[in-house]
Amino acid sequence: MTDETGSEAGRDFIRDIVADDLASGTTTGVVTRFPPEPNGYLHLGHAKSICLNFGIAEEFGGRCHLRFDDTNPTKEEQEYIDAIQRDVRWLGFDWGTHLHFASDYFEQLYAWAQDLIRAGKAYVDDQSQEEIRVSRGTLTEPGRNSPYRDRSVAENLDLFARMRAGEFPNGARVLRAKIDMSSGNINLRDPVLYRILHAHHPRTGTAWSIYPSYDFAHGQSDAIEHITHSICTLEFEDHRPLYDWCLDNLPVPSRPRQYEFARLNVTHTLLSKRVLTELVRSGHVSGWDDPRMPTLAGLQRRGVPAAALREFVKRIGVAKANSTVDIGMFDFAVRETLNKSALRRMAVLRPLKVVIENYPEGQTEEVEAVNHPDDAAQGSRRITFGRELYIERDDFMEDPPKKFFRLAPGREVRLRYGYFITCREVIKDANGEVVELRCTYDPQTRGGNAPDGRKVKATIHWVSAAEAVPAEVRLYNLLFSDPAPEAANFAAQINPESLEVLQGCMVERALAADNAHDAVQFERQGYFVRDRDSTPGKPVFNRTVGLKDTWAKVAGGAA
RNA sequence: UGGGGCGUCGCCAAGUGGUAAGGCAGUGGAUUUUGAUUCCACCAUGCGGAGGUUCGAAUCCUCCCGCCCCAGCCA
């Protein structure tokens, strides 16, 4: 029951505020919005904001709008507008009919700017960008009033209209709010409301030659849409007085309130649009959806289920303290989600040939393997066993250390769902490298149990030569091995081993037939998903995340 | 040195005057035809520091320290 209520979703200070506002009657409904600027792809950080905004709307019976903050045509593109919508939908959220654009409000915003001018609260400034910068003062010194600050309303109105008409070149003039050049809050030192930009806008084309600044567009857009809680990140805290100033000085249809939370940071990851864009542009990754990217598109291609992303966001919480979440938290959420749903399959990544000497040549048989050990409803499939098969190279050691209990000369192990086999002979090539194992099997152990009750210390996975399908497997590792990579020189910090491509992997038949987009578990190894680069004869798999590997820790420590 | 925030376990994070939730990681152990999963146990005499108020403080007061953001005609 609690699962259905907002209480289960986890409480945080923003949800507390919303609940209080509802309880006190401050608001009768909840309307939030996710306001991306279409200048890049959505990433992990956005997932937090999306889940917060859409999640709150869902939990409190309100609605959440998807609104593009498209006020800077020099950086925005239609490709991003499309990609962002795809990604939000993929994450599992629906904005219904509320797809909006700040650009939808340009006409209204322009009219409000005129209102401000008439009220003597805004003026056209002819100073150059440099002059404005200098006269703004510094963190510790107040700014100076612009010489154009006291122009007449008529002149301001005329100049502003001519700015819109395209009479002046970029940078020639700006419209500024008349607030307080000596404010301790620099955002209040006569902030720019409109700038001249002769640029093609993805939505409005060349209709406008002036564009509103974020500060003049955001709050009013919220008001137009009757947003009740405008949730943004901490760096906008300083803008709240300006957000309020605009709404308090304009005849807006509603009065939204802004609340700020700490943006997400994750170890071994860089979440700045500048870096991500550069990663793509420079070719360090294959594209916005490269599985190593922290973009939603990249995570999706890597096989991360949207549910895992939502679970991750729920786990990290929402607060105001700057923090950096361990990437291990994310991996955990992915494993947790996939463990419950992923079908189990067998795949040998680095094959070592095994010949069962006492198994009749030319004979094969089918054995039953369950698709999910904890969910019988997932059914089972048959896999082929035969005289020749492949096992993982890592599952054999000629001279094993004490704790290693997989296959070794003279040792017996279980082939999952198959038989017990014992290694009789090790065959090496001219270089001394092990190329084949000669083993014997115990016909009495079919299915994996010995009638005499004897135990075996390990169960290993395998694929018979009879049904093996060669595949390519891409193993992805951290894009940055440093837990705290610096955005400034990200290129130099890219992990050279972030991608390892394996050819000649041997996977069971079921994997070749499967066209599913859901990740599967390669038993004992990890979760993998079929990549779109797959071809009919050759499947390609991306590793989503490896299984927790206690042995690696033991082995690593012993070595 | 101006303004705005934030400091609770290695990493997230509850707590809002009544004697430190939970999760991740880690460590032991049980179960196991995945060295996975699952299960059990352990893991802050302490809440940035120092004073103070109080029967009692992470929570209130004072001072101090540290970290983050702001000087785009970016968002």
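Here is how names work: the chains are called A, B, and so on, in the same order as the sequence lines, proteins then strands, and each is numbered from 1.
- Under 4.0 Å is where a charged nitrogen must lie from a carboxylate oxygen, and between A:Glu260 and A:Arg240 at least one such pair does.
- The A:Ser323 side chain lies nearest to B:rC12 when the options are B:rA75, B:rG2, B:rC12.
- OP1 or OP2 of B:rG26 lies within a sub-4.0 Å distance of a side-chain N or O belonging to A:Lys553.
- If you take atom C1' in B:rG15 and the same atom in B:rA57, they sit 13 Å apart, rounded to whole Å.
- Across the protein-nucleic acid pair, A:Asp125 atom CG and B:rG72 atom C1' stand 15 Å apart, rounded to whole Å.
- Separation of the C1' atoms belonging to B:rC61 and B:rC24 is 37 Å when rounded to the nearest angstrom.
- If you check every strand for non-hydrogen atoms under 4.0 Å, A:Ser128 touches a base.
- Using a 4.0 Å heavy-atom criterion, one finds that A:His218 contacts no nucleic acid atom at all.
- Between the C1' atoms of B:rG17 and B:rA58, the separation comes to 10 Å (whole Å).
- Between the CG atom of A:Asn187 and the C1' atom of B:rA75 there is a distance of 12 Å, given to the nearest Å.
- Closest to the A:Tyr214 side chain, of the nucleotides B:rC12, B:rG5, B:rA75, is B:rA75.
- Rounded to whole Å, the distance from CG on A:Asp69 to P on B:rA75 is 8 Å.
- A gap of 26 Å separates the P atoms of B:rG23 and B:rU32, to the nearest Å.
- Pair check for B:rC9 finds none; no Watson-Crick or G-U wobble contact set falls under 3.5 Å.
- Within the 4.0 angstrom heavy-atom criterion, base atoms lie near A:Asn449.
- Closest to the side chain of A:Trp551, out of B:rA13, B:rG35, B:rC70, is B:rG35.
- Applying the Watson-Crick and G-U wobble criteria (two distances, each under 3.5 Å), B:rA36 pairs with nothing in any strand.
- Nearest to the side-chain atoms of A:Asn72 among the listed nucleotides B:rA75, B:rG15, B:rG35 stands B:rA75.
- Within the nucleic acid shown, A:Asn339 comes within 4.0 Å of sugar-phosphate atoms alone, with no base atom in reach, counting heavy atoms only.
- Nucleotide B:rU45: unpaired (no Watson-Crick or G-U wobble partner with both distances less than 3.5 Å).
- The side chain of A:Thr550 places an N or O atom within less than 4.0 Å of a non-bridging phosphate oxygen (OP1 or OP2) of B:rA36.
- Here the two rings, on A:Tyr214 and A:His218, have centers that are under 6.0 Å apart.
- Using a 4.0 Å heavy-atom distance criterion, A:Glu37 is classed as a sugar-phosphate-only contact.
- Results of the salt bridge (Lys or Arg N to Asp or Glu O under 4.0 Å) test with A:Arg381 over A:Glu368, A:Glu508, A:Glu366 single out A:Glu508 as the only residue that passes.
- Nucleotides B:rU8 and B:rA71 place their C1' atoms 34 Å apart, quoted to the nearest Å.
- Residue-level contact check: A:Glu237 touches the backbone only, with heavy atoms under 4.0 Å from sugar-phosphate atoms and none from bases.
- For the pair A:Leu188 CG and B:rG72 P, the computed distance is 16 Å after rounding to whole Å.
- Aromatic pair A:Phe106/A:His201: ring centres closer than 6.0 Å.
- Minimum atom distance to the side chain of A:Asn322 is reached by B:rG5, of the listed B:rA75, B:rG5, B:rA36.
- The partner of B:rU62 is B:rA50, judged by Watson-Crick or G-U wobble contacts that both fall below 3.5 Å.
- Side-chain atoms of A:Asp238 lie closest to B:rC69 of the nucleotides B:rA36, B:rG72, B:rC69.
- Atom P of nucleotide B:rC74 and atom OH of A:Tyr194 are separated by 14 Å, given to the nearest angstrom.
- Between A:Trp462 and A:Phe385, a ring centre-to-centre spacing shorter than 6.0 Å is recorded.
- Relative to the side chain of A:Lys548, the nucleotides B:rC6, B:rC73, B:rU37 differ in distance, and B:rU37 lies closest.
- With a cut-off of 3.5 Å on both pairing distances, B:rA25 has no Watson-Crick or G-U wobble partner at all.
- Within the nucleic acid shown, A:Arg136 comes within 4.0 Å of sugar-phosphate atoms alone, with no base atom in reach, counting heavy atoms only.
- Residue A:Leu139 is in base contact, counting any heavy-atom pair closer than 4.0 Å across all strands shown.
- Among the nucleotides B:rG35, B:rG23, B:rA36, the one closest to any side-chain atom of A:Phe405 is B:rG35.
- For A:Leu547, whose side chain is taken as the heavy atoms from C-beta onward, the closest listed nucleotide among B:rA71, B:rA36, B:rG35 is B:rA36.
- Contacts of A:Val192 with the nucleic acid, taken as non-hydrogen atoms under 4.0 Å apart, involve only primed sugar atoms and P, OP1 or OP2.
- Using atom C1' as the reference point in both B:rA36 and B:rU31, the two lie 13 Å apart (nearest Å).
- Nucleotides B:rG18 and B:rG52 place their P atoms 23 Å apart, quoted to the nearest Å.
- Checked options A:Ile196, A:Ile210, A:Ile132; the residue passing with A:Val174 is A:Ile132 (criterion: side chain to side chain contact (heavy atoms under 4.5 Å, CB included)).
- The ring of A:Tyr148 has its center no closer than 6.0 angstrom to the ring center of A:Tyr123.
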query: When you look at A:Arg67 and A:Asp222, which way does the salt bridge (Lys or Arg N to Asp or Glu O under 4.0 Å) test go after all the steps?
result: CA-CA 9 Å; A:Arg67 181 175 74 237; A:Asp222 283 341; 2.7 Å; yes

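- Among the heavy atoms of the strands lying under 4.0 Å from A:Phe332 are primed sugar atoms or P, OP1, OP2 only; no base atom is included.
- Nucleic acid contact for A:Thr138: base, since at least one base atom lies under 4.0 Å from a heavy atom of the residue.
- A:Glu131 comes within contact range of no nucleotide atom at all, as no heavy-atom separation falls under 4.0 Å.
- Across all strands shown, A:Arg315 has heavy atoms under 4.0 Å from sugar-phosphate atoms exclusively, and none from any base.
- A:Lys403 comes within contact range of at least one nucleobase, with a heavy-atom separation under 4.0 Å.
- Nearest to the side-chain atoms of A:Ile186 among the listed nucleotides B:rC70, B:rG3, B:rU34 stands B:rC70.
- Ring pair A:Phe541/A:Phe528: centre-to-centre distance not below 6.0 Å.
- In this entry B:rG17 has no Watson-Crick or G-U wobble partner, no candidate having both defining distances under 3.5 Å.
- Distance noted for atom C1' between B:rC9 and B:rU45: 14 Å (whole Å).
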